[in-house]
Amino acid sequence: MQDSGISILFKGVNFQRLLGGLWVTMRIALITIALSAVLGLVFGLVMLSRRRAPRAICRAWLEIVRFMPQLVLLYLVYFGFARLFGWDLDGETSAVIVFTFWGTAEMGDLVRGAVSSIPLHQRESAAALGLTPLQASRYVLIPQTVRRLLPQAINLSTRIIKTTALVKMINVTEVLKVGQQIIGQFYRLREAPFWVYLTIFILYFLICWPISALAGWLEKRWA
Amino acid sequence: MKNIARIAALLLALVLTLTTASAALADGYRTLDEIRDSGKIVIGLFSDKKPFGYVDENGEYQGYDVYLARRLAEDLGVALEIVSLDAPNRIEYLQSYKVDVVLANFTYTEDRAQQVDFALPYMKVALGVVSPDAALITEPEQLNGKTLIVSKGTTAETFFEANYQEVNLLKFDSYTEAYIALIDGRGDALSTDNTEVLAWAIENPGFTVGIESLGSLDTINPAVTKGNETLLNWINEEIVRLGRENFFHADYEATLRETYGPNADADSLVVEGGVVE
């Protein structure tokens with residue numbers, strides 16, 4: 001039978017493998033997002049502290065992740081660590097390390113931004129109303145901070161999910177790599193890349209769109 | 001300014017720590033004995049380059065390179081662990097000891113030979129010339145005064161410019177455009193790597209590869225990390241041994257015959273025992 005069009009995706013276990021690849025993508029992204037959320041909170045609070053040295057370290061960390069392409073960091077950890085220290089990390093571990101290193105700094109900066117965007121008079125007014133500092137945080141400051149932070153944090157999550165596509169370069173068979181392997185099976189079929197990439201686009205869309213819509217909805221609701 | 005100085009100092013400290021630590025901990029490639037003792041050999045293969053190294057619809061690795069990889073593991077008496085790699089980082093995988101051997105259709109070049117050690121070849125690639133059956137070109141001299149279609153930046157372009165100045169070259173940016181031009185009759189023949197034209201001619205009735213092997217040969221060789229002599233020597237001996245049983249012809253029949261068709265000559269691609277004629 002002639003292979004053509006979308007049928008190539010359903011030949012053998014191709015589609016199952018594509019979904020398996022998507023799970024690898026999601027696994028890396030979810031672990032990264034969870035770690036970045038927790039560590040990012042700490043990172044943000046350190047950036048807000050009055051101590052200079054920890055603040056400078058965070059600043060340097062943030063600058064490094066902002067001007068280093070993620071792919072360079074992935075190569076540094078996956079190949080570089082093996083070459084330099086003999087640490088033979090597998091691709092997925094390397095990916096989680098790099099993306100968490102990046103996500104923590106970005107998340108931290110969001111936390112810093114959200115906290116410092118709350119005007120000083122909010123705290124002062126709360127005090128004037130007789131709230132203790134703890135009550136002021138609980139009822140006045142934290143709710144406002146979370147509202148400003150959450151939509152941005154969710155947007156960061158979708159960026160992390162999309163960036164995981166890079167890990168195919170360090171021997172992680174995620175959804176994009178599986179897709180390329182399927183194209184490879186039908187390399188003489190000119191429309192193969194179209195169908196495969198279209199499917200991958202739809203898969204990414206199905207995951208990122210609801211998340212992004214949630215961020216938009218929250219933003220509007222809390223504006 | 002103060003901050004910049006701090007950041008710079010911090011980065012410097014980081015780099016210094018890393019380099020000091022590296023000297024103490026650097027690992028290395030695995031020798032033949034270490035591979036045997038560990039019970040597995042790690043081989044880097046393509047996973048999307050049919051028919052040389054690819055994953056089929058059942059999720060299994062297949063192809064000319066994979067066939068050899070399985071045999072190497074079998075003869076060493078160890079399990080095969082496959083690492084799927086991409087063309088640009090094949091050298092990096094060897095230099096960072098992530099794989100023991102690269103069998104990813106790795107063409108020998110002087111430049112690469114500075115960075116990795118190549119074993120004996122197991123395949124060769126030359127230029128091929130495909131033309132319509134009605135006016136088949138079987139000798140390069142027949143092209144004098146005629147139009148030959150090539151892709152820009154390929155070996156075919158350089159080769160014909162240097163050696164056959166009387167051939168008119170019609171150049172295209174992509175392979176796809178070049179092949180369409182041949183079908184449309186805008187040239188008398190088309191030249192590129194013989195593996196490419198052989199496979200294309202099978203798909204396009206009415207066209208035949210009249211010249212299957214032309215120009216200087218490139219060879220495809222296994223590669224190991226620079227300096228890994230025990231492994232390199234074993235692979236070389238193994239390739240000679242395999243040559244005695246015509247292993248690579250069997251490999252061709254099992255993996256490439258379907259692509260190149262019943263009439264293609266296996267000897268235009270296969271190298272037995274590491275000897276290129």
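Reckoned from all heavy atoms, side chains included, excluding hydrogens, waters and symmetry mates. Below, chain A is the first sequence line, B the second, and so on; all start at residue 1. Note that the structure is predicted; figures quoted are calculated from it, not measured.
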Worksheet entry | Note, B:Y54 side chain near A:Q181 side chain (heavy atom, < 4.5 Å) | no
Worksheet item: Can you tell me if CZ on A:R123 sees more than 12 non-hydrogen neighbours from other groups inside 6.0 Å?
Response: no
Item to complete: Quick one: closest heavy-atom pair of B:Y93 and A:I170, and the distance?
Response: OH-C, 3.6 Å
Fill in: A:Y78, part contacting chain B, at a heavy-atom distance under 4.5 Å
both
Discussion item. Taking 4.5 Å as the heavy-atom cut-off, does anything in residues 12-28 of chain A contact chain B, and if so which residues?
Written reply: A:G12, A:V13, A:N14, A:R17
Worksheet item: If you measure from CD1 on B:I91 to CZ on A:F79, what distance do you get to the nearest 0.5 Å?
Response: 11.5 Å
Practice prompt. Check whether any side-chain N or O of B:D48 sits under 3.5 Å from a backbone N or O of A:Q185 as a donor-acceptor pair, and report yes or no.
Written response: no
Practice prompt. Flag the pair B:D56 and A:K11 as a salt bridge only when some basic side-chain nitrogen lies within less than 4.0 angstrom of an acidic carboxylate oxygen.
Written response: no
Worksheet entry | Neighbour count above 12 (heavy atom, 6.0 Å) for A:R66 CZ | yes
Worksheet item: With a 4.5 angstrom heavy-atom cut-off, which part of B:E203 approaches chain A: side chain, backbone, both or neither?
Response: side chain
Item to complete: Identify the heavy atoms of B:S47 and A:K177 that sit nearest to each other, and give their distance.
Response: OG-CE, 3.3 Å
Practice prompt. Would you check, one step at a time, whether the test side-chain contact (heavy atoms from CB on, under 4.5 Å) holds for B:D86 with A:K168?
Written response: CA-CA 9 Å; B:D86 294 286; A:K168 79 173 197 66; 3.9 Å; yes
Response to the item:
Heavy atoms of A:A82 and B:S96 approach each other most closely as CB-O, 3.4 Å
Worksheet, complete the sentence: The reported gap from CG in A:N171 to NZ in B:K98 (rounded to nearest 0.5 angstrom) is 8.5 Å
Fill in: Distance, nearest 0.5 Å, that separates NZ of B:K49 from CD of A:Q180
8.0 Å
